[in-house]
Structures are given as structure tokens and as C-alpha cells.
Protein chains: 2
Amino acid sequence: MVLSKACTYGIQAAIYVASRNEDAYVSIQSVAEKLNISFHFLTKVLQQLTQAGLMVSYRVPNGGISLGKPASQITLYSVIAAIDGTDIFTECMLGLPGCGTATPCPAHDHWTEMRSKLFSLCHKTTLAELAEKANQLNLRLANLPLV
Amino acid sequence: MVLSKACTYGIQAAIYVASRNEDAYVSIQSVAEKLNISFHFLTKVLQQLTQAGLMVSYRVPNGGISLGKPASQITLYSVIAAIDGTDIFTECMLGLPGCGTATPCPAHDHWTEMRSKLFSLCHKTTLAELAEKANQLNLRLANLPLV
DNA sequence: GTGATTTCGGACTATTTTGTCTGCAATTTA
DNA sequence: TAAATTGCAGACAAAATAGTCCGAAATCAC
């Protein structure tokens, strides 16, 4: 799996919050229910996003979480970086320590190209774009089988 | 991490075996030492490659393992598929069950493009190419820090 | 102030991945 | 035939990830 489960949950939740187009807070509980994610687990994941400043939380009745800045200013990259770190954007495909331009592994060139594509993709993709897509056509966002 | 450790070990070992340009068998022990991988763990990984027909083993003094077919006919894809399976080539970025053309997730289009690039890259990259690169300039292949 | 709701923080359990160990099966060599 | 070398198979241990639970801390509504 390229992203950890925690990270995919975080992205899903972020998109969901952004897609509401409201400034009001949403409770983590309701997000977890909508997306079919374990509430307690999601709580911990979202804490990483608030600590990174991507979300703000309000610990109060009818409080919850909300985006820390405009959805158009939150990149997919920043969400991934806050949860999984930046390893996937820098790591050697073969996991070799010290692989780089100076001492490349055999797969280095191919992989560097892939990584930079992923890097720029994640940088230019914002929550605003993803949320808009989620709203158009009721795009799929929850961890539910299709039955 | 996009590939599991087991998978990176398997690829490294496969490249190493291919880079020897010999038909003779190599003991897993010596491969493990060269690449600085745990011998027993590598043994289990390579069993998956022999079961997939990518390698052949010879259980005998001075025996070991060897490629099951010409290095030019073993793709990076087949090695990855034998160890990690094909999930990374088909999975939704957000891990959503049932995400596809019919019911896409918001990141679907972007990700499908990345995946297909990865797919074709892994299909066109053969052990022969990687081994050749490894031989040119003594390219990096072992799990050793650079000191 | 009291009670309700909500996130925060840490401890805990479960599952998966990674790594280790031991004995066995196969086959050559002497 | 006996001994040595090698991969195979399964049991086991350790570490990382995923998921659960509970007691706070914060703040609003009354």
C-alpha cells in the first residue's frame, strides 16, 4: 500500500470537511460515521492534521473540527506529509540507504521520474479541487462496499 | 513505503543474480551477505520467486538459485507481482473499496494516471536492463550505509 | 457553578509485517 | 553408504501498524 490507512482516512476526512462548504465545525464522530471509519482511530489521525495547522478544532458542544485555512490552500501533499511524512516522495524504490544521484541504484532513474510526477501531482492537487469533484456526481468517498 | 521490504529484497536479489551473467547457481547465503539482508528472511522471499517460476533452485552442495528464464524476459512487474501482489497497480489511492470508473473517488483520475505510468514502467523494465545498469559503474545494490 | 458535549492524551490490544531459529528433504561427493 | 551442503517448511519472536478504550481538559448552555 502506498499510503498508510491512517493517511487515507485523513485524506478522506479532509475532503469530506472541505466538501461541506461551510465554516461551521463538524464533530469527528459524524465524520467517522459518514466515512465508516473507527471514531477513535480517526480522532488520532485528525489530531495530526490539527497539529500541522491544516485543521482547527473546537472542544465544545456542537464543536468539532474545521479546515485551518481555505481548501484551495491545502494541498494533498501537505496532508500526506502531516500523516505519513515525506518518505514516499524521497525514498529509493529499492529502499537502499544513500541511493541518490551520486550513488544511484539500478532503478534510480526510472523511479526518480515517477516520484517527481507524484510530487508535482500532490502539490498541485488541493482539497478544493478534490472536494469539488466529490460534490459533483456524488463521488465515492466512504469506506463502504457497493453491495 | 510503496513496496514492502520483502519485495525490495526480492528485487535486489534478482538484480544481483542477473548481474552475474553466469548460468551457475549462487547460494542464497552468499546473496544475503553481498546485499546485507537477513539470510533466513531472504530465503523465504526467494521461495516466492521460485514458486512463481522466476527462479529455479538446486538443493545440493554448490547449488543455490538461478534465474528461471533469461533476464530479458523477467520484468520488474512480475517480480513485484510474485511478492507483493498486484494491488499497487490496481488499488484506489484512498483505499476505497469499489472505486473505479463507474464509482470513482475524488482522486481517481489523477491516481489512475500515476498507476498506469507505474504499470507500464514496471512492465517494460527487465532484469536484464537493471542488471546491466548495476554492472556499469558499480551501481549501488546493497543495504549498506555509505560511511 | 453544574452538566453536557466534544477533542486531547495516553495506555492498551490486535493484526500484520519483519526477522530468527530449528529440523527436514534433496542431492552430490567421497 | 555416509557425510556434507543446500533450499524448504513451519514454528516462533520482535517490531510496526491498526484499532480500542478511558479519563481527562475545554468550553458552552442553562
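Residue numbering restarts at 1 for every chain, and letters A, B, ... go by the order of the sequence lines.
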Under 3.5 Å, which donor-acceptor pairs do the side chains of residues 49-74 of chain A form with other protein atoms, sequence neighbours left out?
| unit_1 | atom_1 | unit_2 | atom_2 | d |
| --- | --- | --- | --- | --- |
| A:T50 | OG1 | A:Q47 | O | 2.8 |
| A:S66 | OG | A:D23 | O | 3.4 |

Item to check | Test salt bridge (charged side-chain N to carboxylate O under 4.0 Å, His left out) applied to B:E129 - qualifying residues, sequence neighbours left out | outcome: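 With sequence neighbours excluded, B:E129 shows a salt bridge (charged side-chain N to carboxylate O under 4.0 Å, His left out) to B:K133, given in chain and number order.
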Item to check | salt bridge (charged side-chain N to carboxylate O under 4.0 Å, His left out) against B:K44, all qualifying residues, sequence neighbours excluded | outcome: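 In terms of salt bridge (charged side-chain N to carboxylate O under 4.0 Å, His left out), with neighbours along the sequence ignored, B:K44 is linked to no residue.
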Next on the checklist: Once you apply a heavy-atom cut-off of 4.0 Å, does A:I28 come out as touching a base, just sugar-phosphate, or nothing?
Outcome noted: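 Sugar-phosphate contact only.
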Checklist entry - Applying salt bridge (Lys or Arg N to Asp or Glu O under 4.0 Å), which residue pairs with at least one partner in residues 1-22 of chain A are found, sequence neighbours left out? => result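 Sorted result for residues 1-22 of chain A: A:R20-A:E22.
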Checklist entry - Do any pairs count as a salt bridge (Lys or Arg N to Asp or Glu O under 4.0 Å) and have a residue in residues 93-113 of chain B, sequence neighbours left out, and if so which ones? => result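 For residues 93-113 of chain B: B:E113-B:K117.
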Checklist entry - Got a sec, which pairs hit ring-ring contact (aromatic ring centres under 6.0 Å, His included) with one end in residues 2-23 of chain A, sequence neighbours left out? => result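 Checked against ring-ring contact (aromatic ring centres under 6.0 Å, His included) - neighbours excluded - the pairs reaching residues 2-23 of chain A are A:Y9-A:F41.
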Item to check | By side-chain contact (heavy atoms from CB on, under 4.5 Å) - contacts of B:S116 (at least two apart) | outcome: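 By the side-chain contact (heavy atoms from CB on, under 4.5 Å) rule, B:S116 matches no residue at all.
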Next on the checklist: Applying side-chain contact (heavy atoms from CB on, under 4.5 Å), can you list everything that pairs with A:Q29, at least two apart in sequence or on another chain?
Outcome noted: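 Residues passing side-chain contact (heavy atoms from CB on, under 4.5 Å) with A:Q29: A:S27, A:E33, A:F39.
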Item to check | chain A contact limits on DNA chain C, taken 5' to 3' with a cut-off of 4.0 angstrom to heavy atoms | outcome: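 That gives a stretch of C:dA4 to C:dA11.
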Item to check | Minimum side-chain heavy-atom gap B:W111-A:T125 below 4.5 Å | outcome: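 No, too far: nothing below the 4.5 Å cut-off.
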Checklist outcome for this item: Per-nucleotide protein contact along nucleotides 9-19 of chain D, 5' to 3', at a 4.0 Å heavy-atom cut-off (B base, S sugar-phosphate only, - neither), is S-B------SB
Checklist entry - Residues in side-chain hydrogen bond (donor to acceptor under 3.5 Å, both in side chains) with A:T75, at least two apart? => result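 Result, side-chain hydrogen bond (donor to acceptor under 3.5 Å, both in side chains) vs A:T75: A:S78.
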When you compare the protein's N or O atoms with those of nucleotides 26-30 of chain D, which come within less than 3.5 Å of each other, and at what distance?
| unit_1 | atom_1 | unit_2 | atom_2 | d |
| --- | --- | --- | --- | --- |
| D:dA26 | N3 | A:R59 | O | 3.1 |
| D:dC28 | OP1 | A:Y58 | OH | 2.7 |

